[in-house]
**Q** 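Structure below; questions to follow.
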Amino acid sequence: MRGRLGAVTSTTIVYAVLLLAVVVGAILTAAHGRNFFSVGNVDNILTTTSILGFIAIGQTLVILGGSLDLSVPFVVSLASVVGGGIMAGDPGNIVPAVAVALLIGAAVGLANGLIVTLLHVHGFIATLGTGLVISGYLASNYKGSHGSAPRDFRLLDATRIGPVPISTLIMIGCAVAAILMLRRTRLGHHLYAVGGNAEVARLSGLRTPVPVVAAHVICSSLAAVAGLLLLARLSVGNPTIGSQGGYDLMSIAAVVLGGTLLAGGKGNIAGTLAGVAIFAVIDNVMGVMQINPFLRDVVRGVVIVVAVAVYARREIDARPPRFGRQLVLDAEPEEVR
Amino acid sequence: MRRTMRGAIASAAVLVVLAGCSTDDVDEPTDATASETTSEDTGDAEEPADDTEWFVQADYDEQDAQRSATFEGDEAEPWLQYIDGEMTDTSEFKADGAKKVCFANASVSNPWRQTGFITMTQQLEALKDAGAISDMEVRDAQDDDNTQLADIDYFISEGNCDAFIISPNSTAAMTPGVERACDTGKPVVVFDRGVETDCATTFIHPIGGYAWGIDTANFLSENLEEGDKVIALRILPGVDVLETRWAAAEKIFEENAIDAEDFFTGADPTEIKKIITDALNQGEVKGVWMDAGDGAVAAIEAFEDAGVDYPVMTGEDEMSFLRKWEDTGLTGLAPVYSNFQWRTPLLAVQKIFAGEEVPKEWVLPQTPITEDERAEFLEANDGMPDGHYAKFGGEDLPGFPEAWQDR
Amino acid sequence: MSTITTTETTARPELPAHQGSLGARIAAGMATPGGAVFVLVAVLLVSIMISNPNFTDPGALIRFAGRTAPIAIAAMGQYYVIVSGEFDLSMGAVIATQVVLAGNFIGQDQGRILPGIVLMLVVGALIGVVNGLITTLLKVPSFIVTLGTMLALTGLVRYITGGAATGNPVDDFRQIGRGGIQDVPVVDIVPYPLIILVALAAASVWLMRRPFGRTLIAIGDNPAATNYSGAPLWSYKTRAFVLSSLSATVAGILLVGYAGVHPSVGAGYEFTAITAVVLGGVLLGGGRGWVLSAAAGAFALELLFTLLTSLGVPSTWRDTVQGLIIIAAVAVSARAWQVGRRPRRTPSPTDLSAGTPTQPATGTTTGDS
């Protein structure tokens with residue numbers, strides 16, 4: 001019904017690319033006298049995956065709903081400084097700190113969602129705007145690192161089950177919850193419907209703003225979770241930690257790399273996780289090979305474009321003939337009539 | 001939303017259980033270090049009030065005194081000079097043979113760091129030839145705290161490192177990483193920005209941000225009248241080595257009734273020129289203060305284009321500023337955040353494995369370039385690109401000068 | 001064909017910009033977001049003059065106009081891409097590339113100025129062609145393509161130059177962005193960047209009145225209909241990307257003159273340009289807006305920053321104000337564009353999905369695939 005075949009094959013390709021990246025990565029790593037699958041290396045990949053993972057899961061939902069979220073890095077930073085400030089090294093403050101950080105995240109998401117749906121502002125501009133608002137607030141009120149995380153909270157980062165960091169498990173837990181939400185709940189189905197074609201969704205009697213707002217709220221909340229995780233890792237809140245990671249554009253790139261359509265309506269979380277993992281593997285291998293940091297950006301840029309070009313071509317080739325090549329540019333009037 | 005929250009709560013519950021019973025060996029060292037920092041941090045959190053976050057009078061006084069301190073060692077090799085103080089006994093590390101060094105670099109994203117990294121690479125060549133160091137593995141965090149922590153952890157578990165060199169991306173956030181490196185029992189050398197632990201074998205840095213602020217603000221105050229307007233161009237907020245420069249300068253400007261207004265530029269010359277042009281539009285500007293000289297030329301050109309007199313100005317020992325300073329003949333000072341400190345970490349590693357004691361806190365000289373000394377530095381660095389720093393201190397290293405000229 | 005055109009044009013009868021006489025257009029235009037930005041510019045200008053009397057000096061004004069020219073030119077370039085329904089995020093990276101190219105290729109050699117300019121234009125055009133062809137022929141969303149070009153170009157330039165250019169190019173070349181016609185009465189100086197801006201603006205207006213411009217808007221408005229009418233989408237969109245990269249190149253030439261060589265010149269220009277375009281009432285997703293409004297949007301943005309400075313607002317709060325303003329401006333213009341369209345409930349998510357229309361976006365909802 002939801003184009004399952006298409007989704008499956010698309011995700012299959014993503015995982016094939018991931019497998020390829022792992023194999024090539026393992027060979028290159030071995031050529032440098034290292035073991036790709038060693039505990040330390042896997043740990044390195046997983047810890048770098050989990051932060052971007054949280055954000056990319058949320059970004060997937062927002063993109064599925066036909067919007068975008070460029071404000072995530074600032075929500076990450078905000079959650080990290082607010083959380084760190086409230087905790088102030090006292091284990092008794094962990095619960096309120098987490099609650100407040102998540103609430104702030106949700107509030108930003110709510111604002112994003114309402115601006116997009118009620119004020120009819122394009123998601124790109126709406127979230128660019130809220131991101132700037134938060135960025136100004138952070139720069140004006142937080143000079144340098146702020147607050148501190150108590151030891152109990154830092155265990156969130158330090159604890160591992162076997163080679164797997166607890167943060168990665170939480171990330172996977174959130175991913176499973178999001179997958180269930182998309183597959184099993186009405187909200188999930190509506191999100192696909194609105195993202196695929198808002199007009200059709202509206203004519204079918206959906207309240208189109210609801211899923212879009214919900215996606216934004218979840219996305220910003222997950223960004224806040226990522227911020228808290230970074231707080232646990234860094235032990236202090238940092239007002240620029242989100243921008244340092246470039247999570248806005250990298251999360252969008254990971255989502256699209258994972259086979260989700262940037263225009264919305266099609267894609268899934270599993271693909272996104274693979275997209276994030278592909279970036280993590282590439283970064284890891286480039287790190288082992290000590291590739292010039294500037295050259296790494298070149299590799300990232302080329303990988304993004306080439307990988308997405310592969311999916312995009314496949315999607316078009318698999319299309320029934322009556323969807324002519326140029327016609328795919330058009331999403332809505334086709335069904336309206 | 002609710003589902004995700006529920007998921008998060010469920011996972012959190014699992015976490016609490018796991019954390020309670022986890023007896024991983026990974027947990028051990030974290031326990032020890034975490035409790036240590038916690039106590040430190042709580043002490044810290046009470047201390048800084050909002051305005052004085054970057055101004056600690058004791059540090060200011062200390063650096064003020066260090067400006068005129070006597071440095072041990074040969075003046076011809078300032079990168080090995082230090083202020084007399086507590087030394088670390090390194091006899092436990094004494095070992096023969098070439099050692100492998102792992103270097104976790106914050107980034108090479110500005111000309112100062114690029115110049116320094118070239119110097120470090122050439123120093124490595126020299127030490128390889130001397131048989132002291134076999135190899136240096138570098139991981140570059142591209143200005144990201146999270147990446148640098150992962151880099152350090154990677155080195156600890158996979159790097160087969162004999163010693164660690166860390167140039168922290170930020171002070172507080174990198175503390176846990178440096179502590180984990182210390183826990184390996186191998187020598188750890190920290191340089192440039194500091195961390196909130198003294199576990200490192202040696203912490204190498206020039207005198208510091210307050211000294212920069214004192215040198216520059218004193219110079220401007222001496223050359224300006226009370227009430228004169230000074231534009232302070234700052235790169236970005238929240239970086240301690242930059243914030244302390246401004247904190248000290250702001251204090252001195254206030255004391256001398258200099259009317260200083262600060263702006264953030266992101267080191268973008270377009271932004272710098274706009275700020276100066278707008279300020280000139282508002283009224284007369286007598287002085288320009290910079291917390292780093294990158295982009296100084298654009299600031300000077302803004303005065304040229306507006307057709308007004310040159311300001312009294314402090315830039316940095318970057319070649320672009322020194323050249324423009326000479327061309328225009330303005331009254332200026334080139335403060336220095338000693339770029340030659342990039343040589344010191346590898347030399348420190350050599351000393352450590354030779355069992356020689358090293359300063360616990362290795363304070364390097366930091367002397368501004370005055371107008372009288374300018375010609376000498378311009379001549380010595382002739383042919384270097386604009387983004388080169390005059391006090392890079394690599395004249396005697398292999399590959400000089402090509403390695404610095406062809407970037 | 002007829003079905004589609006009627007559905008769309010009757011729904012948006014006020015799309016006036018490029019038909020009718022000049023006078024009629026100005027009159028009707030002021031009521032549209034694309035016209036309102038000129039009012040905004042005027043209001044901001046008066047506010048600045050009140051808060052800082054020095055700004056009333058014609059010389060100061062014209063210098064302000066001169067230094068805003070690079071942003072306005074970049075915004076006009078971004079306009080072509082946005083109005084055809086795409087994004088160009090590579091703009092800042094293109095500017096940085098050209099700035100470094102000018103520093104390293106031209107250097108202090110007088111004789112290399114002309115070859116240098118030609119080289120920069122060729123490189124600019126080439127980047128545009130690559131962006132355009134990957135977007136149109138390989139069907140990769142332009143957001144992703146230009147994000148990729150942005151990363152690749154920035155990295156490549158820094159890798160090749162080791163992060164820093166050798167030095168500023170020769171002064172004669174920098175005069176293009178720094179100098180002007182001297183000793184003009186009243187204003188004292190007419191900056192070259194302003195002259196270049198005016199020339200490019202005139203050319204842009206002319207271009208948008210040509211079949212190319214009309215088709216470009218039509219493509220952004222309704223690619224399917226335009227496709228039926230036989231216009232080759234890939235060719236039009238690729239040309240839009242080329243125009244965008246060339247504009248970035250010109251902005252780069254002006255900026256290297258204005259500010260000098262530095263890898264951070266041009267940083268963030270893509271977002272500034274998109275913001276300016278959107279402030280000018282141009283609809284993200286394409287099909288609406290006037291090219292001069294994009295340039296006016298750039299002026300409004302710069303005036304806003306100057307106003308904040310002269311009001312003594314701390315520079316750290318600048319982002320916040322900018323964020324609020326662009327949300328408000330777009331919210332207002334989203335309303336305004338809807339006046340006369342379908343009565344209520346015009347769904348914004350439709351606009352959103354039209355934001356990246358090269359996506360084959362039917363898969364999950366139609367059940368056709």
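Chain identifiers are assigned alphabetically (A, B, ...) following the order of the sequence lines, protein sequences preceding nucleic acid strands; residue numbering begins at 1 within each chain.
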**Q** Could you look at B:Asn169 and say if it's the side chain, the backbone, both or neither that has a heavy atom under 4.5 Å from chain A?
**A**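 Only the side chain of B:Asn169 comes within 4.5 Å of chain A.
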**Q** I'd like to verify something: which residue of A:Thr48, A:Ile241, A:Thr47 has the highest number of heavy-atom pairs under 4.5 Å with chain B?
**A** A:Ile241
**Q** By a 4.5 Å heavy-atom criterion (distance strictly below it), what part of A:Ile291 contacts chain B: side chain, backbone, both, or neither?
**A** neither
**Q** Report yes if some heavy atom in the side chain of B:Val108 is under 4.5 Å from a heavy atom in the side chain of A:Pro293; otherwise report no.
**A** yes
**Q** To check you understand the geometry: which heavy-atom pair defines the closest contact between A:Asn44 and B:Ala150, and what is its length?
**A** ND2-O, 3.4 Å
**Q** For A:Asn41, is it the side chain, the backbone, both or neither that has a heavy atom under 4.5 Å from a heavy atom of chain B?
**A**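 Interface part for A:Asn41: both.
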**Q** Taking all atoms of both residues into account, what is the closest heavy-atom pair of B:Ala172 and A:Ser235, and its distance?
**A**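 For B:Ala172 and A:Ser235, the tightest heavy-atom pair comes out as O-OG, 4.2 Å.
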**Q** For the residue pair A:Arg233 and B:Asp153, what are the closest heavy atoms and their distance?
**A** NH1-OD2, 4.4 Å
**Q** What is the distance from atom CG of A:Leu230 to atom CG of B:Asp144, rounded to the nearest 0.5 Å?
**A**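 These two atoms lie 8.0 Å from each other.
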**Q** For chain B, find which of A:Gly85, A:Ser38, A:Pro239, A:Ala139 contributes the most heavy-atom pairs closer than 4.5 angstrom.
**A** A:Ser38
**Q** I'd like to verify something: which residue of A:Gly237, A:Ser145, A:Gly287, A:Gly109 has the highest number of heavy-atom pairs under 4.5 Å with chain B?
**A**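 Most heavy-atom pairs within the cutoff with chain B belong to A:Gly287.
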**Q** With only heavy atoms counted, which part of B:Asp140 is less than 4.5 Å from chain A, the side chain, the backbone, both or neither?
**A** both
**Q** Heavy atoms only, distances under 4.5 angstrom: which of B:Ile156, B:Asn146, B:Thr147 has the most pairs with chain A? Name it, please.
**A**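 Ranked by heavy-atom pairs under 4.5 Å with chain A, first place is B:Asn146.
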**Q** Provide the closest heavy-atom pair for A:Arg34 versus B:Glu158 in the form atom of the first, atom of the second, distance.
**A**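 That closest heavy-atom pairing would be NE-O, 3.4 Å.
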**Q** I need the A:Gln244 CD to B:Asp145 CG distance, nearest 0.5 Å.
**A**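 Taking CD in A:Gln244 and CG in B:Asp145, the distance rounds to 4.0 Å.
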**Q** With a 4.5 angstrom heavy-atom cut-off, which part of A:Val288 approaches chain B: side chain, backbone, both or neither?
**A**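 Interface part for A:Val288: both.
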**Q** Measure A:Asn292 against the heavy atoms of chain B and call it side chain, backbone, both or neither at under 4.5 Å.
**A**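 Looking at A:Asn292, nothing touches chain B.
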